[in-house]
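Scroll down for the structure; my scribbles are underneath it.
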Amino acid sequence: MLSRRVIPCLDVRGGRVVKGVRFRDHVDMGDIVELSLRYRDAGADELVFYDIGASPEGRSVDYAWVERVSSLLDIPFCVAGGIRDVATARAVLHAGADKISVNTPALERPALVSELADAFGVQCVVVGIDSVAEADGEWRVRSHTGDPDKTRALALRTLDWIVEAQRLGAGEIVLNCMDSDGVRRGYDIAQLSAARALCAVPLVASGGAGEVRHFAEAFRVADVDGALAASVFHSGAIAIAALKRGLRAQGIEVRDE
Amino acid sequence: MRVVLVDAGGANLGSVRYALRRLGVEAEVSRDAAAIRAADRVILPGVSTAATVMRRLAELGLVEVLRSLQAPLLGVCVGMQLLFEHSEEDDTPCLGLLPGRVARLRQAPGLRIPHMGWNRLQPLRRDPLTEGIAPGAWAYFVHSYAAAPGQDCLLASEHGVSFAAVVRRGAVAGAQFHPERSGPAGARLLANFLGAGMA
């Protein structure tokens, strides 16, 4: 049986891992390769690297660190940030990334998702979505979230984009609920459940993990395939081995080596 | 030992090469027929679609080279699917080195396609290629198509249905999962493929 994935997310800026609260006030967390191997040894199932400066600054990721990570890591990893064409995606995949994740560039030009799926197969193509609950009760998409000063509110409803992204060729959706991000009060189960109902491809929860029970809720109630978190892992508040023991005790299938 | 990775445009070429390097083997990436024929081991990686890789192999004049290869051949992911006679993905005729057809994994409630993540390996048959991989070992899969576990299947996995995770017939072998990203089990499979048990 396919196991549920625990996915540390490493925000990358200037070749270092950083983390902010509500996408602001980034602090240095350490060297990319060092942290990657530490998480691998701790039992992470997969890693996601977001080059958070790439999209707002209008540049793509620098591939040297992708290659460095790939040469040492024997678990899968996904790279996001500034991938806006097939050539860039190919370079990142050839540097050793297993998947590429697109967010802002896919919103600006949805055909990009199809082009990537045609070139590499849907299984390489992740669509990342940053979503906010608005006053009218709708969830809507934000773009350019790497820099709070450049973040844009779009009219696009999150659930509509989830459907459209799959039609275009997304092989996985990472739904980052921004209201919850970095504040550790739990994943947005209502929003994730609504997304799950429309998502036939793997769905990864992002934003809000603070305790073991938050992961369990996301897997059991929202039925997500993976749960992504950053600050609780970086700070050591949750150890992945203990998290997995807690999940398994609740009958949730996780990889145990 | 001379190990050649066939460069048919598969995007995981780099990561397979690094996985071999972690085992102390420096593989050559090539699309040259003579280099592939002269290799002691040939690996056909593939992250793409069956049709894309088959078309690329045809353009490079490598279809017959692979069909008539003497040295052990390992197909990875789509590279494994191409070893069979036919893939349902874009209705693609494949290399036909193994009997059987590759079909799309069926979607069902609670069953997501692509099959993406870590799943367990169950041994069906003992073979030097899978020696040291414990029953229930975890491997990382990313795919939407698979072959049914036929007579060449050494390790099976399950996603709604049972499917072939590792196959071998003589010098022709395949892994549906990604050994380069499957931790110790993946490293063991690659090491076994390089070993005397495949000769």
Side-chain angles (χ1 to χ4, degrees), chain A residues 1-7 40-41 43 45-47 63 66-78 89-100 116-126 170-173 196 199-204 223-226 253-257, chain B residues 7 9-23 29 46-53 77-78 89-90 107-120 134 136-145 157-160 177-187 190:
Chain A
M1 184 182 169
L2 184 62
S3 62
R4 308 279 177 165
R5 286 176 273 153
V6 171
I7 309 170
R40 187 271 315 263
D41 293 340
D45 296 308
E46 182 175 324
L47 298 175
Y63 317 124
V66 177
E67 193 142 3
R68 225 155 42 90
V69 169
S70 177
S71 67
L72 295 168
L73 199 65
D74 58 0
I75 60 169
F77 70 98
C78 176
R90 179 174 288 117
V92 173
L93 291 168
H94 277 224
D98 300 281
K99 298 185 274 190
I100 39 119
L116 295 170
D118 289 344
F120 310 113
V122 298
Q123 63 278 356
C124 281
V125 183
V126 181
E172 180 169 79
I173 303 281
R196 171 80 286 165
C199 203
V201 300
L203 175 67
V204 176
D223 192 22
V224 297
D225 301 279
E253 175 90 331
V254 284
R255 182 176 68 111
D256 54 359
E257 59 185 6
Chain B
D7 179 9
N12 66 338
L13 265 183
S15 37
V16 174
R17 190 161 55 91
Y18 285 127
L20 293 167
R21 190 178 288 173
R22 292 195 290 271
L23 296 171
V29 175
V47 171
S48 183
T49 64
T52 306
V53 183
C77 197
V78 172
E89 187 176 24
D90 302 318
Q107 211 141 24
L111 211 59
R112 263 70 78 172
I113 310 293
H115 173 228
M116 187 187 288
W118 295 83
N119 206 333
R120 291 184 183 277
W138 295 95
Y140 183 77
F141 292 87
V142 189
H143 60 120
S144 302
Y145 294 80
S157 191
E158 177 269 326
H159 188 61
F177 60 87
H178 286 271
E180 73 278 16
R181 290 288 184 251
S182 291
L190 289 176

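Everything numeric in this text was worked out from a predicted model, so none of it was measured. By convention in this document, chain letters (A, B, ...) are assigned in the order of the sequence lines, proteins followed by strands, and residues within each chain are numbered from 1.
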Closest approach of [X] and [Y], non-hydrogen atoms and distance?
{"X": "B/Thr52", "Y": "A/Asp118", "result": "OG1-O, 4.5 Å"}
{"X": "A/Leu2", "Y": "B/Asn119", "result": "N-ND2, 3.4 Å"}
{"X": "B/Pro114", "Y": "A/Pro202", "result": "O-CG, 3.6 Å"}

Go through B/Arg112 and A/Asp223 one step at a time and tell me if the side-chain contact (heavy atoms from CB on, under 4.5 Å) criterion holds.
-> CA-CA 11 Å; B/Arg112 263 70 78 172; A/Asp223 192 22; 3.2 Å; yes
Residues two or more places apart in sequence or in another chain: which of them pass ring pair (Phe, Tyr, Trp, His ring centres under 6.0 Å) with B/Phe141?
-> B/His115, B/His143, B/Phe163, B/Phe177
Side chain, backbone, both or neither of A/Glu253 within contact of chain B (heavy atoms, under 4.5 Å) | side chain
The interface call for A/Leu203 against chain B, heavy-atom contacts under 4.5 Å, is neither
Examine A/Arg255 relative to B/Trp118 and say whether NZ or CZ is less than 6.0 Å from the centre of the six-membered ring and inside a 45° cone about the ring axis.
-> yes
What distance do [X] atom [atom1] and [Y] atom [atom2] have between them, rounded to the nearest 0.5 Å?
{"X": "A/Leu73", "Y": "B/Tyr18", "atom1": "CG", "atom2": "OH", "value": "12.5 Å"}
{"X": "A/Ser71", "Y": "B/Arg22", "atom1": "OG", "atom2": "CZ", "value": "7.5 Å"}
{"X": "B/Thr49", "Y": "A/Gln123", "atom1": "OG1", "atom2": "CD", "value": "8.5 Å"}

Is chain A contacted by the side chain of B/Arg21, its backbone, both, or neither, given a heavy-atom distance below 4.5 Å?
-> neither
Report yes or no: does A/Asp74 contribute a side-chain atom to a donor-acceptor pair with the main-chain N or O of B/Arg181 at less than 3.5 Å?
-> no
For the side chain of B/Arg120 and the backbone of A/Met1, is there at least one donor-acceptor N/O pair under 3.5 Å apart?
-> no
side-chain contact (heavy atoms from CB on, under 4.5 Å) between A/Asp256 and B/Trp138: does it pass, once the steps are laid out?
-> CA-CA 8 Å; A/Asp256 54 359; B/Trp138 295 95; 2.8 Å; yes
If you tally heavy-atom pairs under 4.5 Å against chain B, which of A/Gly226, A/Gly171, A/Cys199 wins?
-> A/Gly171
Tell me, please, which residues at least two apart from A/Arg5 pass side-chain hydrogen bond (donor to acceptor under 3.5 Å, both in side chains).
-> A/Glu46, A/Glu172
